[in-house]
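In the text below, chain A, chain B and the rest are named by the order of the sequence lines, each starting its count at 1. Basis for what follows: all heavy atoms, side chains included, without hydrogens, waters or symmetry-related copies.
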2 protein chains.
Amino acid sequence: MSTETVVVSAADYDACPVTRLLRRIGDKWSPAVIRLLATRTHGFNELDRSIEGISRRMLTRTLRALEDDGLVSRTPQASTRVEYALTPLGHSLREQLSALGQWAAAHDGATLSVDPR
Amino acid sequence: MSTETVVVSAADYDACPVTRLLRRIGDKWSPAVIRLLATRTHGFNELDRSIEGISRRMLTRTLRALEDDGLVSRTPQASTRVEYALTPLGHSLREQLSALGQWAAAHDGATLSVDPR
DNA sequence: CCGAATCCAGGCGGATACTG
DNA sequence: CAGTATCCGCCTGGATTCGG
């Protein structure tokens, strides 16, 4: 019990909630989708148009992933309209990310030194 | 038209602090390194042994990236020893991630959480 | 309007061997 | 001990086309 070596095992890698979460929403488009859905619900093409540069393919994949995580709900309206919205869990996460965004914005110039907007 | 369309442009994608942060530390090994360095400083091979499954190559790359972000400091001791530590900024981020981990663990049903110490 | 299917390039990350 | 260098598989993500 003298020198205690903490080992981050592969099990830990899979088990650590924050690691999983970061890998899930740390992809290219999830944050943009979450941000848009935070204000109001959107249709598919509406999201497609609003997120500059995204492909329909990746929008589909991103939405499916967020849906699987219970962060986004998908409700077909007419046969021509599908509505995507943040679930309560999604809104909850959004708040957390918002807090993280406060931190990031505050320490941004010092660390990543990219042009502040 | 009075319908206001919020567009997440490519510029926004680059500018959004939280998006950049998530993409930076949302990689495979950064969280593990941050967690280990949160408790105490480590040498290179010490980290290598402690993080199960990581290759020296990826450990180097991860450390360099964290160093570039100002989250980790690298201080050569002897010619045979280099010490890695979390910077104050790194500790600051670690606290934020810990809070996020609390949230993740609560909504995850996960077994292990980020043990804060 | 809302996707699915296919094809393809680039980057992330692993394995291995070598250096000071 | 603390890395580099090289090769390579795989997965992410973009472009395009097709279907309901």
Side-chain angles (χ1 to χ4, degrees), chain A residues 3 5 8-10 12-14 19-34 36-37 40-69 72-85, chain B residues 3 5 8-10 12-14 19-34 36-37 40-69 72-85:
Chain A
T3 44
T5 303
V8 177
S9 65
D12 267 357
Y13 166 69
D14 285 337
T19 299
R20 276 207 311 279
L21 179 62
L22 289 178
R23 294 228 81 183
R24 283 294 238 168
I25 63 172
D27 63 355
K28 192 166 184 179
W29 301 111
S30 289
V33 170
I34 292 176
L36 278 175
L37 293 185
R40 58 177 175 82
T41 66
H42 285 70
F44 185 85
N45 279 330
E46 193 180 8
L47 284 172
D48 193 24
R49 282 191 310 271
S50 297
I51 303 177
E52 189 168 297
I54 200 175
S55 61
R56 288 194 298 279
R57 174 184 141 90
M58 285 316 297
L59 180 54
T60 300
R61 292 173 70 96
T62 302
L63 286 170
R64 290 285 178 271
L66 293 175
E67 198 186 347
D68 289 343
D69 290 342
V72 162
S73 66
R74 177 184 184 276
T75 34
Q77 310 279 56
S79 64
T80 169
R81 166 90 182 174
V82 175
E83 196 159 272
Y84 291 96
Chain B
T3 45
T5 303
V8 178
S9 66
D12 268 355
Y13 167 68
D14 286 335
T19 300
R20 278 207 308 280
L21 178 63
L22 289 178
R23 294 229 80 184
R24 284 293 237 169
I25 62 172
D27 63 356
K28 190 165 184 179
W29 301 112
S30 290
V33 170
I34 292 176
L36 279 175
L37 293 184
R40 57 176 176 83
T41 66
H42 286 71
F44 184 86
N45 280 331
E46 193 179 6
L47 284 172
D48 193 23
R49 281 191 311 272
S50 298
I51 304 176
E52 189 167 297
I54 199 174
S55 60
R56 289 195 296 280
R57 172 184 141 90
M58 285 317 296
L59 180 55
T60 301
R61 293 172 69 98
T62 303
L63 286 171
R64 291 284 180 270
L66 293 175
E67 199 186 348
D68 288 344
D69 289 343
V72 162
S73 66
R74 178 186 182 274
T75 33
Q77 310 281 52
S79 62
T80 170
R81 166 88 183 175
V82 175
E83 198 159 273
Y84 290 96

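Across A:S30 and A:R24, no two heavy atoms sit closer than the pair OG-O, 4.1 Å. For the pair A:R40 and A:H42, the tightest heavy-atom approach, listed with the atom from each and the gap, is O-ND1, 2.9 Å. Residues B:L22 and A:I25 approach most closely at CD1-O, 3.9 Å, considering heavy atoms.
Across the interface with DNA chain C, nearest-nucleotide mapping of B:S79 and A:N45 shows A:N45 to be the residue nearer the 5′ end.
Between the CD atom of B:E83 and the P atom of D:dA2 there is a distance of 10 Å, given to the nearest Å. Taking atom CZ on B:F44 and atom P on D:dC1, their separation rounds to 11 Å, with Å as the unit. Protein atom CD of A:Q77 is 12 Å distant from nucleotide atom P of C:dG3, rounded to whole Å. A:E46 has its CD atom 13 Å from the P atom of C:dG3, to the nearest Å. Rounded to a whole Å, the CG atom of A:L47 is 12 Å from the P atom of C:dC1. Rounded to an integer number of Å, the gap from A:L63 CG to C:dG3 C1' is 11 Å. One can place CG of B:L59 at 13 Å from P of D:dC1, the figure rounded to the nearest angstrom. For A:R81 and C:dG3, the CZ to C1' distance is 15 Å, given to the nearest whole Å.
Using a 4.5 Å heavy-atom cutoff, the side chains of A:L47 and A:I54 are not in contact. The side-chain heavy atoms of B:Y84 and B:V72, taken from C-beta on, include a pair separated by under 4.5 Å. Between B:L63 and B:R74, the closest side-chain pair of non-hydrogen atoms is not below 4.5 Å.
Taking 4.0 angstrom as the limit, B:R74 places none of its side-chain polar atoms (N or O) nearer than this to OP1 or OP2 of D:dA2. Between A:Y84 and C:dC1, a side-chain N or O to OP1/OP2 separation shorter than 4.0 Å is absent. Under 4.0 angstrom from either OP1 or OP2 of D:dT4 there lies at least one side-chain N or O belonging to B:R64. A close approach under 4.0 Å does occur between a side-chain nitrogen or oxygen of B:R49 and OP1 or OP2 of D:dC1.
Applying the salt bridge (charged side-chain N to carboxylate O under 4.0 Å, His left out) test to residues at least two apart or on different chains, none of the pairs has a partner in residues 53-62 of chain B.
Within 4.0 Å of B:R56, counting heavy atoms only, lies at least one base atom of the nucleic acid.
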Just the table, please: protein N/O against nucleotides 8-13 of chain D N/O, every pair under 3.5 Å.
{"unit_1": "D:dG13", "atom_1": "OP1", "unit_2": "A:K28", "atom_2": "N", "d": "3.3"}
{"unit_1": "D:dG13", "atom_1": "OP1", "unit_2": "B:R23", "atom_2": "NH2", "d": "3.3"}
{"unit_1": "D:dG13", "atom_1": "N7", "unit_2": "A:R57", "atom_2": "NH2", "d": "2.5"}
{"unit_1": "D:dG13", "atom_1": "O6", "unit_2": "A:R57", "atom_2": "NH2", "d": "3.4"}

